[in-house]
Asks: 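Below is the structure I would like to discuss, written out as structure tokens.
Residue numbers start from 1 in every chain, and the chains themselves are labelled A, B, ... in the order their sequence lines are given, proteins ahead of strands. Remember, predicted model here, so these are calculated numbers, not experimental data.
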Protein chains: 2
Amino acid sequence: MTNATGPTRIQRRNTSLILEAALEVFSSQGFGGATLDQIARHAGLSKPNLLYYFASKEAIHAALLDGLLETWLDPLRALDPAGEPVDEIVAYVLRKLEMSREFPRESRLFANEILQGAPRIGGMITGELKRLVDEKAALIASWQAAGRVAQLDPHHLIFSIWATTQHYADFDVQVRGILDPAGDAHFARAAVFLEQLFRGALMPREDFVKIHAS
Amino acid sequence: MTNATGPTRIQRRNTSLILEAALEVFSSQGFGGATLDQIARHAGLSKPNLLYYFASKEAIHAALLDGLLETWLDPLRALDPAGEPVDEIVAYVLRKLEMSREFPRESRLFANEILQGAPRIGGMITGELKRLVDEKAALIASWQAAGRVAQLDPHHLIFSIWATTQHYADFDVQVRGILDPAGDAHFARAAVFLEQLFRGALMPREDFVKIHAS
DNA sequence: CGTGATCCTGACCGTTTGGTCAAACAATTT
DNA sequence: AAATTGTTTGACCAAACGGTCAGGATCACG
């Protein structure tokens with residue numbers, strides 16, 4: 001039965017094998033399109049063995065999302081009230097872009113979930129996520145009130161950061177189809193572009209004039 | 001058998017019922033997650049009746065995408081070499097945002113397809129789409145060479161326009177979960193924001209200084 | 001009103017789906 | 001090495017899947 005000594009080596013290894021395989025399959029097929037057989041094959045385990053570690057397909061999916069949500073919101077949490085506003089926001093953009101490069105499957109997993117109406121994480125959006133976004137939007141608004149950032153709707157600013165950065169993970173196939181490269185070269189260009197885009201839009205107007213008038 | 005007089009009234013009505021239902025289901029479940037029974041129920045037809053009009057599930061999906069691709073690329077095609085550069089690009093942004101508001105399901109259908117690796121429209125991306133994007137990117141580059149638009153990578157500029165505008169369709173649930181509104185009110189704010197964002201980033205630096213130095 | 005073409009459906013088929021289970025197998029403890 | 005616990009699997013199940021088909025209903029038109 002349940003054991004107080006925690007998960008065994010085998011348990012840790014297999015649950016992680018399963019979650020890795022599930023990430024691969026769910027992120028590229030969506031929940032409905034994924035099958036336990038696919039996940040089992042990717043994990044190198046038998047289907048009944050999956051269901052020894054997880055109660056159901058839903059349970060695997062839930063465990064995946066649960067384990068990822070925290071990591072996913074960390075960059076936004078790191079937005080520092082004490083920092084230089086424009087630099088803070090630009091750093092957030094680049095951190096988010098980096099996550100799209102390093103964890104594209106995780107991004108696609110969330111994208112799939114939200115595209116399909118967020119049936120399994122709806123509560124988290126209107127709860128934890130909304131609280132965090134409202135808090136950081138208020139922070140940006142306070143920066144704007146102090147004249148340290150250009151006046152742009154803070155909520156929509158955050159949306160635009162999500163949209164532009166996650167685009168490189170979620171629409172990877174399209175991006176690669178249009179720019180030919182097989183590697184990660186376009187991420188460097190994307191970083192330059194996004195920094196220009198947001199720095200240009202965020203820099204307080206007076207500062208901008210000062211710099212360019214000289 | 002085949003008739004030279006074209007489709008009958010019934011054919012037109014039912015194929016359109018089926019495509020409308022398929023759009024609803026495919027866009028919210030993905031191809032793999034959708035079932036013929038769901039589509040049939042939404043269309044108010046029996047499953048065998050669907051298959052009287054379309055040879056297979058794949059055929060319905062293909063017909064949907066085929067009929068939509070042209071419409072979807074029209075706003076980009078409309079980017080006019082003869083127009084005022086910044087206004088042209090901003091107009092494109094707003095047109096694209098309007099499409100996200102009016103046709104969110106179409107946007108999600110494409111998003112689902114590309115998220116899942118574009119297995120069914122891959123050729124179109126590296127063909128027709130790439131040609132169009134390259135052409136318009138060259139147009140923007142020529143505007144930049146003439147000093148009429150700020151220097152920003154044109155391809156990534158187009159990506160960022162797609163990303164920011166389609167975000168309001170594809171991630172609708174998330175946007176609505178964070179801003180409370182049930183209606184379309186946030187689209188007006190999004191339009192203002194996106195115009196600020198892109199106009200600020202696109203305006204040639206010299207013009208900007210001129211305007212704000214006075 | 002008849003007749004040929006079009007349209008529609010209930011019953012059915014083979015396969016795949018998520019999930020179960022008893023029994024075999026391996027690890028660990030005593 | 002025996003006993004206990006934890007792990008794995010082949011065989012199996014009911015339901016749902018995409019798709020077929022023979023035949024009945026409905027239509028357009030002379």
Asks: Under a 4.0 Å N-O cut-off, is there an ion pair linking B:Arg131 with B:Glu128?
Replies: no
Asks: Rounded to the nearest angstrom, tell me the gap between atom CZ in A:Phe31 and atom P in C:dT17.
Replies: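 For the pair A:Phe31 CZ and C:dT17 P, the rounded distance is 14 Å.
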Asks: What is the nucleic acid contact for B:Ala34, judged by heavy atoms within less than 4.0 Å: base, sugar-phosphate only, or nothing?
Replies: sugar-phosphate
Asks: Side-chain N or O of B:Asn14 less than 4.0 angstrom from OP1 or OP2 on C:dC8?
Replies: yes
Asks: Over how many whole Å does the gap from B:Arg12 atom CZ to C:dT6 atom C1' extend?
Replies: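 That distance rounds to 15 Å.
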Asks: Under 4.0 Å, counting only non-hydrogen atoms across every strand here, what does A:Leu36 touch: a base, just sugar-phosphate, or nothing?
Replies: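 Since only primed, P, OP1 and OP2 atoms lie under 4.0 Å of A:Leu36, the category is sugar-phosphate.
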Asks: Just by distance, no angles: are the side chains of B:His155 and B:Asp134 close enough, under 3.5 Å, to form a donor-acceptor pair?
Replies: yes
Asks: Atom NZ of B:Lys57 to atom C1' of D:dC17: distance rounded to whole Å?
Replies: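 Distance check: B:Lys57 NZ to D:dC17 C1' gives 8 Å.
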Asks: With a 4.0 Å cut-off on heavy atoms, is B:Tyr53 in touch with a base, just the backbone sugar-phosphate, or nothing at all?
Replies: sugar-phosphate
Asks: Nearest-Å distance, CD (A:Gln29) to P (C:dG18)?
Replies: 12 Å
Asks: Just how far, in rounded Å, is P of D:dT7 from CG of A:Leu17?
Replies: 14 Å
Asks: Whole angstroms only, please: what is the CD1-P distance between A:Ile39 and C:dG18?
Replies: 8 Å
Asks: State whether A:Ser56 places a side-chain N or O below 4.0 Å from either non-bridging phosphate oxygen (OP1 or OP2) of C:dG18.
Replies: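 Result: no.
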Asks: At less than 4.0 Å, is any side-chain N or O atom of A:Gln11 found next to OP1 or OP2 of D:dG6? Yes or no.
Replies: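 No, A:Gln11 has no side-chain N/O under 4.0 Å of OP1/OP2 on D:dG6.
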Asks: By nearest atom, which of the nucleotides C:dG19, D:dG19, D:dT7 is closest to the A:Ile10 side chain?
Replies: D:dT7
Asks: Passes ring-ring contact (aromatic ring centres under 6.0 Å, His included), A:His186 versus B:Phe159? Steps please.
Replies: CA-CA 12 Å; A:His186 60 291; B:Phe159 292 157; 8.4 Å; no
Asks: Could you tell me whether B:His61 and B:Phe54 have their ring centroids closer than 6.0 angstrom?
Replies: no
Asks: Would you say B:Arg9 reaches D:dA28's phosphate, i.e. side-chain N/O to OP1/OP2 under 4.0 Å?
Replies: yes
Asks: In terms of the nearest nucleotide of DNA chain C, which residue is placed more toward the 5' end: A:Glu58 or B:Leu45?
Replies: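 Checking each residue's closest nucleotide, the 5'-ward one belongs to B:Leu45.
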Asks: Would you say C:dC7 has OP1 or OP2 under 4.0 Å from some side-chain N or O of B:Thr8?
Replies: yes
Asks: What is the distance, to the nearest angstrom, from the CD1 atom on B:Ile60 to the P atom on D:dC17?
Replies: 14 Å
Asks: Is B:Tyr52 close enough to D:dT20 that one of its side-chain N or O atoms is under 4.0 Å from OP1 or OP2 there?
Replies: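 No, outside the criterion.
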Asks: Does a side-chain N-to-carboxylate-O contact under 4.0 Å join A:Arg105 and A:Glu20?
Replies: yes
Asks: Taking only Lys NZ, Arg NE, NH1 and NH2, and the carboxylate oxygens of Asp or Glu, determine whether A:Glu70 and A:Arg77 approach each other closer than 4.0 Å.
Replies: yes
Asks: Does a distance-only test, which skips hydrogens and angles, find a donor-acceptor pair under 3.5 Å between the side chain of B:Lys47 and the base of D:dG18?
Replies: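 It does, because a donor-acceptor pair links the side chain of B:Lys47 to the base of D:dG18 below 3.5 Å.
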Asks: Taking the side chain of B:Leu51 as its heavy atoms from C-beta onward, which of C:dC8, D:dG19, C:dT17 lies nearest to it?
Replies: D:dG19
Asks: Nearest-Å distance, CZ (B:Phe54) to C1' (C:dC8)?
Replies: 16 Å
Asks: On DNA chain C, check which nucleotide each of A:Asp37 and A:Pro48 is closest to and give me the residue with the more 5' one.
Replies: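 Residue closer to the 5' terminus by nearest nucleotide: A:Asp37.
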